[in-house]
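Because only heavy atoms are used, hydrogens play no part in the values below, and waters and symmetry mates are left out as well, while side chains stay in. Order of the sequence lines sets the chain letters (A, B, ...), proteins ahead of strands, with each chain counted from 1.
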Number of protein chains: 2
Amino acid sequence: MKDSSTEETILNAAITIFQKKGMAGARMQEIADEANINKAMLHYYFRNKQQLFEAVFMQAFQKLAPQLNLIFASGIGVNEKIRQFTASYIDFILDNPYLPNFIVQELNNNPEFVLKFMSHKGKPDPTPFLRQIEQEINAGNIKKIPPKQLLLNLLSLTIFPFVGEIMIKVLMGISDLEFKRMMEERKTLIAEQFINSISM
Amino acid sequence: MKDSSTEETILNAAITIFQKKGMAGARMQEIADEANINKAMLHYYFRNKQQLFEAVFMQAFQKLAPQLNLIFASGIGVNEKIRQFTASYIDFILDNPYLPNFIVQELNNNPEFVLKFMSHKGKPDPTPFLRQIEQEINAGNIKKIPPKQLLLNLLSLTIFPFVGEIMIKVLMGISDLEFKRMMEERKTLIAEQFINSISM
DNA sequence: ATATTTACTAACCATTTAGTTAAACCATAT
DNA sequence: ATATGGTTTAACTAAATGGTTAGTAAATAT
């Protein structure tokens, strides 16, 4: 409680509450309670709710961006890249289970803010990856699929299970533990199947 | 204003606002304004915000459920089923673009309510489909993949693009129109690729 | 005709909530 | 010890918001 700075304590509490309730659903008092501090401290360190939220969102986004660049950056072969990306992304989300949901949710509720925010901060650029796919297609190494569709498939297979976690658990009638087991299984399963589906 | 019943007018307004803002972000006054009625009418027809929300959520869910049963119900071959499901699901969402987001979001913010709700109303049951997959695997018609993973892949490829629409558009730098074109393209593309990836 | 129910409105109430203020606390420098 | 300045608290305010109420007009039943 005193080992970390108050500002950090607040930020962590805000992350917890914002991720669970979203910007609109989160209460400043609840964040203060979570941080075991007085509500006025929130305003002392982060002028208002919006700024506190932006700090949380920025941190979340900046944590996620490098993860995406892992697949966008070039230099390594497509197959190996897919293997690395899926495994490391799933690992990353298992450690930060709130991130995809939080970002998708606020992206939908607050597109204007997020877009402005995105143009300030650098957003990951998929063009190198798309170009790489195109080259592999032309070289006859992988099947002829629109590169953007291929990327979308890859993102879908990796990200959706976490965004829809609750829906999936309810629908399939599986426990928390079973879900985690499936995600572990996916770390290798997705890549192999995906590679297999695009190989000639 | 009088062509449709007031209750229906309210419900439609509530759908519009709740889908855009979510339960927490929606204001009763805003819903009343959208419906061009007095705020008290909302309470007259639907006792309180929670009940109005539940009516909206139930309607949304009951619209989506039959769509899922399209793939869960048995009787037709796996490949044809996949083709039918992906195409009709994408068509369905293009007509109801708010649905997946709304459901996923509220599922995350309100799990207790949704779970209670789900057990009351019948949720789609995937077991027939899972069993069908198992049989096809045993018969040597499709590759050996855990059936639940296969189902999860299928749902991911169809649903995620809509849940993450804004993120995808921003990330890939594509317009509304281009996004819609890609979704049209996906109606056949997903199925063929998916079938190809599981065929022996 | 009269009573009763239904649909509706304007004004109001109670509570919640973001944000403010003024005073206290506490470490460090003088 | 005392002043200084950053940090923290309790108490407060103003606005927003969900919900209520008293009353009205029109439709429906008696």
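- Follow the hydrophobic side-chain contacts under 4.5 Å out from A/I76 and you never reach A/I82; the two are in separate clusters.
- Minimum atom distance to the side chain of A/I37 is reached by D/dT9, of the listed C/dC8, D/dT9, D/dG18.
- Residues of residues 39-58 of chain A that place a heavy atom closer than 4.0 Å to DNA chain D, in numerical order, are A/A40, A/M41, A/Y44, A/Y45.
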Would you list the protein and nucleotides 23-28 of chain D atom pairs, both N or O, that sit under 3.5 Å from each other?
none

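- Between the side chain of B/K123 and the main chain of A/M172, no donor-acceptor pair closer than 3.5 Å is present.
- Within 4.0 Å of B/A26, counting heavy atoms only, lie sugar-phosphate atoms of the nucleic acid but no base atom.
- Between A/N38 and A/R27, the one whose closest nucleotide on DNA chain C sits nearer the 5' end is A/R27.
- A donor-acceptor pair under 3.5 Å is formed between the side chain of B/K143 and the backbone N or O of B/S199.
- The separation between A/M28 atom CE and D/dA16 atom P is 17 Å, rounded to whole Å.
- Atom CG of B/N36 and atom C1' of C/dC8 are 14 Å apart (whole Å).
- Distance CZ/A/R83 to NZ/A/K187: 15.5 Å, rounded to 0.5 Å.
- A/T6 has a side-chain polar atom (N or O) that falls below the 4.0 Å cut-off from OP1 or OP2 of D/dT8.
- Checked against A/F92 for a side chain to side chain contact (heavy atoms under 4.5 Å, CB included), the options A/I90, A/L94, A/N96, A/D95 give a single hit: A/N96.
- One interatomic measurement links the two molecules: CD1 of A/I10 to P of C/dG19, which rounds to 14 Å at whole-angstrom precision.
- A/L70 and A/F194 are members of different hydrophobic clusters when ILVMFWY side chains are connected at heavy-atom separations under 4.5 Å.
- Between A/F53 and A/F18, the angle of the ring planes goes over 60°, which puts this pair in the perpendicular group of the 30/60° scheme.
- To the nearest 0.5 Å, atom CZ of residue A/F72 and atom CZ of residue A/R131 are 13.5 Å apart.
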